[in-house]
Structures are given as structure tokens and as C-alpha cells.
Amino acid sequence: MQKPYSLFSFRKRILAVTLVISFIFCSLALRLFVIQIINGKELQFKATDQWTRDLAIVAPRGDILDSTGSALAVSYTTYNVYVRGREVESATTLATVLSRALEMDFDDVYKKVTKKGVSEVLIKMGISGEKAEEIYGHKFTGVYLAENVARYYPYGNLLTQVLGFTSIDNVGQTGIEAYYDQKLKGQDGFSYVQSDLQGKEIGGSLRYYISATKGNDLTLTIDSKIQLILERTLEKIMVEQKAKNVTGIMLKPTGEIVALSTKPSFDLNEVPRDDLETLFDQSKIKGVTDVYEPGSTFKILTVSAALEEGVTSLDDKFYCPGYRMVDGVRIKCWRTIGHGSQTLTEAFANSCNCCFMDLALRLGKDKLYEYLERFGLGQKTGITMAGEAKGILMDKSLVKNVDLARIGFGHAVAVTPIQLLTAVASITNGGHKISPYFLSKETDVNGNVVFEASNAQGATTVSEKTSQIVNGLLEFAENKTGKYTFVEGYNVGGKTGTAQKYSEGGGIAQGKYISSFIGTYPADKPEYLLFIMVDEASAGAYYGSVVAAPYGKEVFSGMFEYLGEKKQDESIVVEYVDMPDLVGLSLADALMEVKKLGLDYEIDGEGEFVINQLAPYGTSVQKGSTVILIT
């Protein structure tokens with residue numbers, strides 16, 4: 001039997017319908033909220049992407065300048081060629097013209113021009129303005145040119161490692177280009193055009209153009225003229241000394257790096273991207289990334305610590321019989337026949353290992369390590385460049401007297417060239433610790449200076465008195481025949497070093513040496529410090545006094561001429577003598593001949609007769625120069 005209709009059941013139906021309608025409206029409102037408020041921007045971007053076509057406008061990178069304002073790296077405009085296949089009228093004609101103009105394979109271009117499923121395809125990047133004009137002149141539909149930016153280095157292979165290079169996408173890969181990429185890269189712009197559903201441009205539609213903003217310009221501490229002098233000398237060393245590689249650094253004692261290079265190198269405008277091994281090796285700033293055992297140049301640090309602690313003085317005397325016995329181990333001086341009795345000044349000039357073993361042992365392990373820490377060894381210098389190594393110091397708890405003695409003359413310790421030169425700078429500049437740097441100033445696109453370097457002095461390393469004494473020792477060491485004779489008329493100081501290399505297994509690599517030279521100018525209060533390191537010279541000699549120091553003299557001479565530096569003494573005249581034939585003579589007779597000519601000498605070997613000599617017979621040699629007698 002059918003139930004009678006009631007008002008209550010009607011209300012239930014009305015309520016149900018109302019709830020359903022309310023639910024639908026709430027769902028729609030929620031959906032609209034999600035679409036418009038939460039996902040609004042994202043969907044707007046997607047919509048814009050569907051009805052517009054855009055081409056990026058790549059921002060020019062900021063210029064890199066040297067300290068005199070000369071451009072080291074600049075940007076120039078190139079063009080990328082794009083094709084929108086839907087707009088092309090004759091694919092064959094277009095592919096023929098483009099393949100000829102761009103020197104590309106016709107089939108490859110044709111495949112790109114007729115490619116389906118994409119709105120546009122890149123044909124080629126980085127074409128010249130002339131090529132772009134040629135293509136534009138044909139007035140093809142569907143062909144678009146977008147501005148791009150490429151990097152140009154006016155000096156080619158100058159500053160290869162320091163400047164570094166960029167990728168094809170204009171991103172810094174190495175050197176300054178990579179380290180300061182965020183400052184240099186700028187802000188890209190865009191060009192938009194409205195299109196229909198098929199991706200074709202709508203005639204008369206709105207166009208949008210957002211210009212690119214150039215990156216900031218960087219002014220470096222580098223002086224390109226001094227850099228050029230240094231690099232030419234390094235190339236000369238590579239040829240004359242047949243070296244594996246050479247590194248040079250010119251540093252101001254306040255931290256500014258004036259010049260830095262490693263050879264061999266490559267032209268930054270012709271980066272060898274197809275030879276990754278060469279690219280990696282020649283891109284490394286070996287003066288920053290590679291460690292080596294310094295040898296006698298390290299003695300500058302040992303004598304500074306000893307003088308500061310009062311364990312030696314200029315009046316101190318040392319006797320060298322050619323070796324020292326330490327912990328029962330016989331450690332030889334480089335001059336195996338010994339130096340005899342000598343003052344500290346003479347021992348430093350003679351680079352006597354025995355003297356510096358004594359100084360290290362007098363200081364003791366704790367004090368020597370305290371000074372090595374002060375000088376920054378085993379630590380990064382903070383140089384503004386990626387990849388810096390810390391160097392290697394033995395764990396102090398494991399150091400024995402025999403190790404301490406070797407550290408005293410620059411063995412059993414490893415440093416980077418910039419680390420050692422920075423330590424020497426902190427001694428010779430009056431005793432102020434520094435951090436080396438490249439960036440002098442940063443300027444934005446409007447010419448506003450947004451950064452400028454300041455030469456803030458760090459902690460004290462040694463006293464002013466010790467600094468002056470060490471400067472005097474360096475001056476005497478390189479001017480053995482009289483004041484201002486190393487570089488005729490100029491007050492240049494310096495120290496040479498020679499150290500054996502080690503094989504991968506840890507043993508000494510026979511016949512492989514690193515030769516080095518550290519120079520200071522003016523010697524009494526340095527404004528420039530020079531470092532030259534020659535890795536595996538193979539032309540016959542390997543001592544730093546022969547392989548590195550003469551080239552240090554060349555760099556200083558070239559720099560003085562460029563700077564217009566006046567001589568400290570115009571009356572200095574350096575004499576030259578012809579090298580006699582010493583081969584076959586007894587060592588005693590050869591030494592008499594060498595001394596008679598006013599030449600210094602080093603002996604390689606322990607025999608009684610001379611079997612070879614450097615410089616060769618008949619060579620013109622400056623008085624006071626060091627010659628090698630091989631026995």
C-alpha cells in the first residue's frame with residue numbers, strides 16, 4: 001500500500017538537493033581558488049608559453065681589466081640561427097642557403113628545418129655579424145636570429161690560467177672567469193612575439209622586449225706589461241732549460257698579485273676543448289694548486305724564526321765540514337767538501353745546509369712549528385682563486401730531530417709557490433701577514449664602484465728589526481761581488497733553491513729537480529717580490545743559481561725599464577769574463593781558475609776531476625755568477 005505524501009518527506013528532498021548544489025558550488029569555488037590563487041602564476045606562465053614565442057637575449061659579461069685599464073677579456077656580439085619549421089615556405093631552398101652560409105652539411109640542416117613536433121630548432125650558435133647579415137638579406141620566413149655573446153681575449157695566451165675561459169653558454173669555467181662568474185655574468189633579457197595555435201607569428205600582434213643587463217667590470221691587480229715580461233722569460237726558460245713546466249709570480253708585499261703564469265699554456269681564443277688532458281693540465285694555476293719541496297728558498301723562514309727568537313745573530317759562527325750527524329743519521333750539505341768556518345751572513349749566502357740544521361735544532365720542534373704557523377704554512381693563503389692547496393707539514397707529534405734538521409733547510413716540508421712567496425713577503429714587509437689577491441675593483445654597468453680592495457695588514461710575523469736583518473741577508477746573497485751587482489746598479493736581493501722531486505711511490509726521483517729563485521726589490525724595503533720555479537730542467541744544469549736566478553735577473557731588468565726605475569748607483573759597471581775550459585782538470589785546479597776569474601761555483605759530484613762544466617767553455621759570464629763543476 002502506497003504511503004501518503006507528507007510535508008516532512010518534501011523537506012528532506014529539498015534539503016538533499018540544497019546540499020548537493022552547495023557541495024557543487026563549494027567544489028567549484030575551491031577549484032577556482034586553487035586555479036586562480038594557488039596555481040595562478042604557474043598557469044599564466046604556461047598560457048603565455050603557448051601563445052608566445054620567445055628568444056633569449058644573452059647579457060654581455062663584464063670586462064676584465066688590468067691595473068692600468070687595459071682590457072684583458074671583453075665580450076662581443078654573435079648570433080644564433082633558429083628556424084620555425086611551420087613558417088618555412090621552401091625547406092629545400094632554405095637548407096641549401098643555410099648549409100652554404102654556415103658551412104654545414106645540407107642533410108643535417110634539412111633534417112632540422114623539417115623537424116616536426118617542435119616550435120623551433122637551433123641551427124647554429126655563435127655566427128659572426130657578417131654571416132648574420134648575409135642570412136637576414138634573403139628575407140626567409142621562419143628564420144630568426146638571436147643575439148648571443150662570445151668572449152674575446154685581446155692578449156691571446158697571456159694570463160691563460162689566471163683569466164680562465166667560458167663555456168659556449170657563456171659560463172665561467174676556470175680562473176677569474178669562474179671564480180667571479182656571478183659578478184661577471186649579467187642579467188639575460190628576452191624578446192617575445194605572439195603566435196597562433198600552430199606556432200606561427202600573428203601579424204600585427206604585440207611584441208615584448210626586455211633588454212639584457214651587462215655584468216660588472218672587474219679591475220685586477222695584474223699589470224699586463226709586467227705579465228708580458230714575465231711570460232716571455234718563462235717561455236725562454238722552457239726552450240733553453242728544456243723544462244717540464246715553469247711558474248712565475250710577481251707579488252707586492254701588501255698582497256697585490258702583479259703577474260702570475262705557468263708555461264706551457266694555450267691561447268684563450270683557441271681553447272683546446274678536444275684535448276681534455278692538455279686542457280686540464282694547462283688550465284691549472286700551478287703556483288696555487290701544486291705543492292713542492294722548496295729547498296733553500298725555505299731558509300728565509302728558518303733564519304727569520306731563529307733571529308726573532310734570539311738563537312742566532314749576525315755575529316754567530318758556524319762550521320761546515322760537509323755534513324751533520326743527527327740522531328745517528330749523516331745529513332749532507334749540498335757542498336760535500338764543506339764550507340768551513342763562516343758567519344751567519346756568509347752561511348746564508350752560501351746556502352749552507354749545516355747552518356740551517358743547527359738553527360732548526362736550536363729553535364726546537366715547538367718553536368719552529370709556531371713560526372711555520374705564523375708564516376701560514378699548512379694553511380691556505382686565502383688567495384681569491386679556486387683550487388688552492390694547503391701544503392704539507394708533518395704531524396708535529398711525529399717529528400724527530402732528524403726531521404727537524406731537514407725542515408730547517410727546506411726538505412721534509414711541502415708548500416705551494418704562492419704560499420712560500422706570501423710567507424717571505426710577510427717577513428720582508430716589516431713583519432705583517434698578508435693575503436694575496438687579484439681583484440682590485442668592481443664596477444657596475446652605471447660606472448659605480450661596488451667593491452674596492454683595501455690592504456689591511458694581518459697579524460705580526462716578525463719584528464721590524466728581524467725584517468731589516470733578513471732583507472740585508474737577501475741583498476748580500478745575490479750581490480756577492482759588491483753592492484748592486486746582481487742587476488747592474490739596482491738594489492735587488494734574493495735567494496735560490498734546489499730540491500729533488502719524489503716519485504709516486506715516495507722515493508727520490510733520480511735526476512729530477514725543482515729549481516727556484518725568490519727576488520726582492522728594493523732589497524732594503526721591498527715593493528716587489530719575484531718567484532720563479534723551474535720543474536725538471538733537462539738541459540744539463542738543475543741548480544737554482546744557474547737555472548732560475550739568471551732569469552729572475554731578466555724579469556727585474558725588463559720591469560725596471562718598463563717602470564722607468566732609476567738605478568740606485570749609476571757608477572756600477574759589471575764585468576764579464578770568458579769561461580775557460582775546465583774539463584779534465586783536477587777539482588783543486590779548476591777551483592783556482594774559477595776563483596781567479598771572480599766567479600762563484602757549485603760542485604755536483606764527489607769525484608776529483610771535472611768531467612763537465614756549466615757555463616760551457618767560451619761562454620761570456622758575469623763576474624760573481626755561479627758556475628757548476630761536475631765531477
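What you see is a predicted model; the values in this text were computed from it and never measured.
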Inset, instruction - Could you tell me whether K284 atom NZ has more than 12 heavy atoms of other residues or ligands within 6.0 Å of it? - result: yes
Inset, instruction - Describe, in one word, how the ring planes of H339 and W334 are oriented to each other, choosing from parallel (under 30°), tilted (30 to 60°) and perpendicular (over 60°). - result: perpendicular
Inset, instruction - Hey, could you give me the OG1/CE distance between T174 and M385, rounded to the nearest 0.5 Å? - result: 8.5 Å
Legend entry - Worked verdict on S313 versus D316 for side chain to side chain donor-acceptor pair (under 3.5 Å): CA-CA 5 Å; S313 69; D316 210 350; 5.5 Å; no
Legend entry - Distance in Å, I427 CD1 paired with T466 OG1, rounded so as to fall on 0.5 Å steps: 9.5 Å
Inset, instruction - Could you give me the CA-CA distance, side-chain angles and deciding distance for K483 and E475, then say whether salt bridge (charged side-chain N to carboxylate O under 4.0 Å, His left out) is met? - result: CA-CA 8 Å; K483 205 171 179 68; E475 180 183 354; 2.6 Å; yes
Legend entry - With Q379 via side chain to side chain donor-acceptor pair (under 3.5 Å) - residues at least two apart: none
Inset, instruction - List the steps, then state whether side chain to side chain donor-acceptor pair (under 3.5 Å) holds for D569 with Y490. - result: CA-CA 7 Å; D569 191 336; Y490 292 93; over 6 Å; no
Legend entry - Matching residue for V415 among L372, T297, I392, L420 - test: side chain to side chain contact (heavy atoms under 4.5 Å, CB included): L420
Inset, instruction - Can you measure from CG (L359) to CG (L344) and round to the nearest 0.5 angstrom? - result: 6.5 Å
Inset, instruction - Compute both the distance and the angle, then confirm whether K495 meets the cation-pi test with F348: under 6.0 Å from the six-membered ring centre, within 45 degrees of the axis. - result: yes
Inset, instruction - Inspect the contact between E388 and K380 and indicate whether a charged nitrogen and a carboxylate oxygen are less than 4.0 angstrom apart. - result: no
Legend entry - Minimal non-hydrogen separation, L587 against L629, with atom names: CD1-CD1, 4.2 Å
Inset, instruction - Could you check K286, K501, K244 and say which one makes a side-chain hydrogen bond (donor to acceptor under 3.5 Å, both in side chains) with D535? - result: K501
Inset, instruction - Sort out for me which residue in K433, K390, Q419 forms a side chain to side chain contact (heavy atoms under 4.5 Å, CB included) with T381. - result: Q419
Inset, instruction - Check step by step if side chain to side chain donor-acceptor pair (under 3.5 Å) holds for T302 and K299. - result: CA-CA 5 Å; T302 305; K299 293 171 182 174; over 6 Å; no
Legend entry - Distance (rounded to the nearest 0.5 Å) between I532 CD1 and I518 CD1: 11.0 Å
Inset, instruction - Count the heavy atoms belonging to other residues, nucleotides or ligands that lie under 6.0 Å from NZ of K365, then report whether that count exceeds 12. - result: yes
Legend entry - side chain to side chain contact (heavy atoms under 4.5 Å, CB included) partner of Q161, chosen from T289, I285, V288: I285
Output a table of donor-acceptor pairs, distance under 3.5 Å, between side-chain atoms of residues 547-557 and any protein atom two or more places apart or on a different chain; print 'none' if there are none.
from : atom 1 : to   : atom 2 : distance (Å)
Y551 : OH     : E240 : OE1    : 2.6
Y551 : OH     : Q241 : NE2    : 3.1
K553 : NZ     : Q622 : OE1    : 2.1
E554 : OE1    : K236 : NZ     : 3.3
E554 : OE2    : K236 : NZ     : 2.9
S557 : OG     : K553 : O      : 2.9

Legend entry - Inter-residue atom distance C354.SG - K332.NZ, 0.5 Å rounding: 12.0 Å
Inset, instruction - Could you walk me through whether S341 and K317 pass the side chain to side chain donor-acceptor pair (under 3.5 Å) test, one step at a time? - result: CA-CA 7 Å; S341 181; K317 291 277 190 177; 4.8 Å; no
Legend entry - Over 12 non-hydrogen atoms of neighbours within 6.0 angstrom of OH in Y323: no
Legend entry - Enclosure of K465 NZ (heavy-atom neighbours >12, cutoff 6.0 Å): no
Legend entry - Y542 versus E536, side-chain donor and acceptor atoms under 3.5 Å: no
